[in-house]
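Have a look at the structure below before the remarks.
In the text below, chain A, chain B and the rest are named by the order of the sequence lines, each starting its count at 1. Predicted model, so just to flag it, every value in this text is computed and none were measured.
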Number of protein chains: 2
Amino acid sequence: MDTEQRKLLYKLAVAYYEDGLTQKQIGKRFGVSRIKVSRLLRQARQEKIVNIHITPVDDANIDLERVLCQKYGLDEVIAVPVKNGQAVDFYHELGVAAADTLQRSLQNKEVIAITWGRTLKAVVNNLPAMTKPEIRVVQALGGINSPDVEINGSELARKLAQIVGARPILLSSPGLVASREIRDALIKDPQISRVIDLAARADIALVGVGALNLESLARRYNIISRDDFERLKARDVIGDIGLRYFNSQGEQVDDELHDRTIGLDLNQLRKVKRVIGVTGGPDKVESIRAALKGKLINVLITDDNTGKALLENSTA
Amino acid sequence: MDTEQRKLLYKLAVAYYEDGLTQKQIGKRFGVSRIKVSRLLRQARQEKIVNIHITPVDDANIDLERVLCQKYGLDEVIAVPVKNGQAVDFYHELGVAAADTLQRSLQNKEVIAITWGRTLKAVVNNLPAMTKPEIRVVQALGGINSPDVEINGSELARKLAQIVGARPILLSSPGLVASREIRDALIKDPQISRVIDLAARADIALVGVGALNLESLARRYNIISRDDFERLKARDVIGDIGLRYFNSQGEQVDDELHDRTIGLDLNQLRKVKRVIGVTGGPDKVESIRAALKGKLINVLITDDNTGKALLENSTA
DNA sequence: AAGTCAGGTGATCATTTGTTCACCGTTGGA
DNA sequence: TCCAACGGTGAACAAATGATCACCTGACTT
């Protein structure tokens, strides 16, 4: 390119980026039409006369997060650094990161749906107190019988609401019942159906991701029976979100369990604009991958080891 | 600042500047309001997380030009490099630079006013041919008797118009007459007054700057008499633009010469949005400085030596 | 010599961005 | 305990910017 031209681009760039003039002002000053200034400035960027450099923060996982974001089409990924695999720290770290992200997402009048699990408990416990009375916290899955009452959906929703200063909206029913008939009966109750409808319209959903294996709480706490477990396995189920089971493509699997579950289903969840999935661990990699493939989650909060594993291709 | 906060700023900056997302999209993705994205991006710039660097062009005068621009509140300054003080090259170089600037300023239907002089001749001679029939070139000062006919305003206006492919509008009168009465009579002629009126409404004025000294063409060609010269000197006149004389503050000086001159006066000139002054040389420094102080010129095209001299403070 | 195609132009319109304002919650002090 | 000042917030508005379109010009082809 012409030296004169380069010089002009330089001058325009200085006027725009350093002196902060508007394109119109620059056009007037240099006797060029406003639109031409716009084009010349673009050219200056293309010609690398203007360089925009972003100082990287010293966090090794930034790249990992970005690549994951792109690979799975996510809105945001946070991969917290976990040196050793210590369990206590692990949940805490995930909880802190998720709490931060959740807090940032809160304005004043959202509807937040929440499921259950150890990770979500950590999220709730790391959230600072707020006063947001117009926010509603909705329990997205019925109650769970577990030794640790604090991971129960009702308890989590209640506590989250309390911390946020919001109104809790709870599901007064179990998450899983013995038969389809019972489920149907419960669902007819407006007290229940209304809550689920509200959860389906949530602005934000805070969910964990379960794996279908012997370590999973659902199995360890006998929430699903051994028969259920085996049957799901046979149907290539790989994990769940809120007891809604999916296969390796993140598709909802048609099983009678589905008809005994009371809570948000996966198709409803997919419609929520911001689904924050907080989860990690070696045994969960494949179920997380499936959930991501199925676009069940928009924001993934996990640890770096899990993140790295997700970058590699599925072994299945 | 918080590391988490820095990380967020980094992510937003990458999304905005590298991935080219809009602030609205980023807000949606990160669960933050659009307006907040705008504020955070500004913060990222303040915190130097985002650095905008402009590659300097290898032209030593860029800084000089910029400083001059600021010091005198000009729109633009071009200081062409002149190693040796060779006269021929000097006018040619100034002409090339001015022609480039003028050309850039031309759209399609401007009115260009032009005065006279050696420098302007060089400008016109370095302009490439164009076809802009809607442009009008107006002679801003009546004719001058000089040995070199090509520096005469009529000739310059005619030639400029021809090269641009535009319509010339000439002043059929001398630039300086013997008495106020003659001037008044000529001015009454609509043929003449209309031209001056048009010049006063010009979009662009192309002018030289004269010094009031013995080297000046006005004196050498005896355009102004020895008496005129001495009288002006006594009135602290320091230079002229188009035979309109001004003092060291660039203010028009009240002298009878003024009433014998036919052409644009300084107050009219000042109203033209884009006055391109093409001029330079050691003997002209102080008169250029005065013209700049008086805001008679918006765009200065000169040589680097003159530019440097203008940076220093007046000796007067 | 006429046609046509590419490149560049400004006008117009739509989008994006920044600014201003009123509001709210918090904090620090009386 | 109350009040006032403050910082932060989004809504509404204004400004700036980018995208699209139709047009023109100049160069090359037929």
Original post:
Are a donor atom and an acceptor atom from the side chains of B/Arg45 and A/Tyr17 found within less than 3.5 Å of each other?
Top reply: no
Original post:
D/dG18 P sits how many Å from B/Leu21 CG, rounded?
Top reply: 16 Å
**OP:** Could you tell me the separation between the CD1 atom of A/Ile26 and the C1' atom of D/dA16, rounded to a whole number of Å?
**Re:** 12 Å
**OP:** Whole angstrom is fine here: how far is it from CD in A/Gln103 over to P in D/dG8?
**Re:** 14 Å
Original post:
With A/Ser38, which residues qualify under side-chain hydrogen bond (donor to acceptor under 3.5 Å, both in side chains), at least two apart?
Top reply: none
Subject >> Electrostatic pair A/Arg66:B/Glu18 at N-O distance under 4.0 angstrom >> reply: yes
**OP:** On DNA chain D, check which nucleotide each of B/Pro133 and A/Arg45 is closest to and give me the residue with the more 5' one.
**Re:** A/Arg45
Original post:
Roughly how many Å is it from CZ in A/Arg42 to C1' in D/dT20, rounded to a whole number?
Top reply: 12 Å
**OP:** For C/dT17, take OP1 and OP2 only and decide whether either is under 4.0 Å from a side-chain N or O of B/Ser38.
**Re:** no
Original post:
So how far off straight is the helix from C/dA1-D/dT30 to C/dA30-D/dT1, going by the axes through five pairs at either end, to 10°?
Top reply: 10°
Original post:
Can you check side chain to side chain contact (heavy atoms under 4.5 Å, CB included) on B/Leu106 and B/Met130, steps first, answer last?
Top reply: CA-CA 10 Å; B/Leu106 294 183; B/Met130 294 175 250; 3.8 Å; yes
Original post:
Within this structure, what is the NZ-to-C1' distance between B/Lys132 and D/dT25, rounded to whole angstrom?
Top reply: 10 Å
Subject >> SB check B/Glu155 B/Arg158 (cutoff 4.0 Å) >> reply: yes
Original post:
Tell me: NZ of B/Lys109 to C1' of D/dC24, nearest whole Å?
Top reply: 12 Å
**OP:** Indicate yes or no: does A/Lys273 engage A/Asp203 in a salt bridge with an N to O separation below 4.0 Å.
**Re:** yes
Original post:
Is any NZ, NE, NH1 or NH2 atom of the basic residue among B/Arg274 and B/Glu76 found under 4.0 Å from an Asp or Glu carboxylate oxygen of the other?
Top reply: yes
**OP:** Begin from the C-alpha positions of A/Val207 and A/Ile276 and carry the test side chain to side chain contact (heavy atoms under 4.5 Å, CB included) through to its verdict.
**Re:** CA-CA 6 Å; A/Val207 305; A/Ile276 304 177; over 6 Å; no
Original post:
Quick one: what's the B/S/- string for nucleotides 8-16 of chain C, heavy-atom cutoff under 4.0 Å, read 5' to 3'?
Top reply: -BB-----S
**OP:** Kindly determine whether A/Lys11 and B/Glu65 satisfy salt bridge (Lys or Arg N to Asp or Glu O under 4.0 Å), including the steps that lead there.
**Re:** CA-CA 10 Å; A/Lys11 285 188 174 187; B/Glu65 294 171 355; 3.2 Å; yes
Original post:
A/Ile135 CD1 to C/dC24 P: how many Å, rounded?
Top reply: 16 Å
